[in-house]
**Student:** 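The structure's right below; bear with me while I get my questions together.
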Amino acid sequence: MDRLAAMDAFIRVVDAGSFSGAAKQLRMGQSAVSKAIAQLEERIHVRLCVQSRLACSAGTNLPG
């Protein structure tokens, strides 16, 4: 998944409040969404999601 698609996935996860909700919107598997977010976090060296079970909320350690 390219960077722009991964950012879109992240936005959908936060909006939906869960990886499964975002996966349904994106018509892809939940594990693919989770992997895309993890790869994006690794690329930018920032933890974007605070995960609890299947939910995600935006991290509070974002720069800016």
**Student:** Can you tell me which residue pairs pass the salt bridge (charged side-chain N to carboxylate O under 4.0 Å, His left out) test with a partner in residues 10-19, sequence neighbours excluded?
**Tutor:** D8-R12
**Student:** Where the side chain of E41 meets the backbone of L48, is there a donor-acceptor pair that is under 3.5 Å apart?
**Tutor:**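 Looks like yes, one N/O pair under 3.5 Å.
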**Student:** Closest approach of R43 and D2, non-hydrogen atoms and distance?
**Tutor:** NH1-C, 4.2 Å
**Student:** Kindly give the heavy-atom pair with the smallest separation between A16 and A22, and that separation in Å.
**Tutor:**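 In terms of heavy atoms, the two residues are closest at CB-N, 3.8 Å.
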**Student:** If the condition is side-chain contact (heavy atoms from CB on, under 4.5 Å), which residues does M28 pass it with, not counting sequence neighbours?
**Tutor:**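 If we apply the side-chain contact (heavy atoms from CB on, under 4.5 Å) test to M28, skipping adjacent residues, the hits are M1, L26, A32, V33.
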**Student:** I need the minimum non-hydrogen distance between A6 and A36, along with the two atoms involved.
**Tutor:** CB-O, 3.9 Å
**Student:** Write down the atom of F19, the atom of V13, and the distance for their closest heavy-atom approach.
**Tutor:**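 Residues F19 and V13, closest heavy atoms: CD2-CG2, 3.9 Å.
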**Student:** Write out all pairs satisfying salt bridge (charged side-chain N to carboxylate O under 4.0 Å, His left out) with one or both partners inside residues 16-32, taking only residues at least two apart or from two chains.
**Tutor:** none
**Student:** Mind checking side-chain contact (heavy atoms from CB on, under 4.5 Å) for Q39 and listing every partner two or more places apart, or none if nothing turns up?
**Tutor:**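 If we apply the side-chain contact (heavy atoms from CB on, under 4.5 Å) test to Q39, skipping adjacent residues, the hits are K35.
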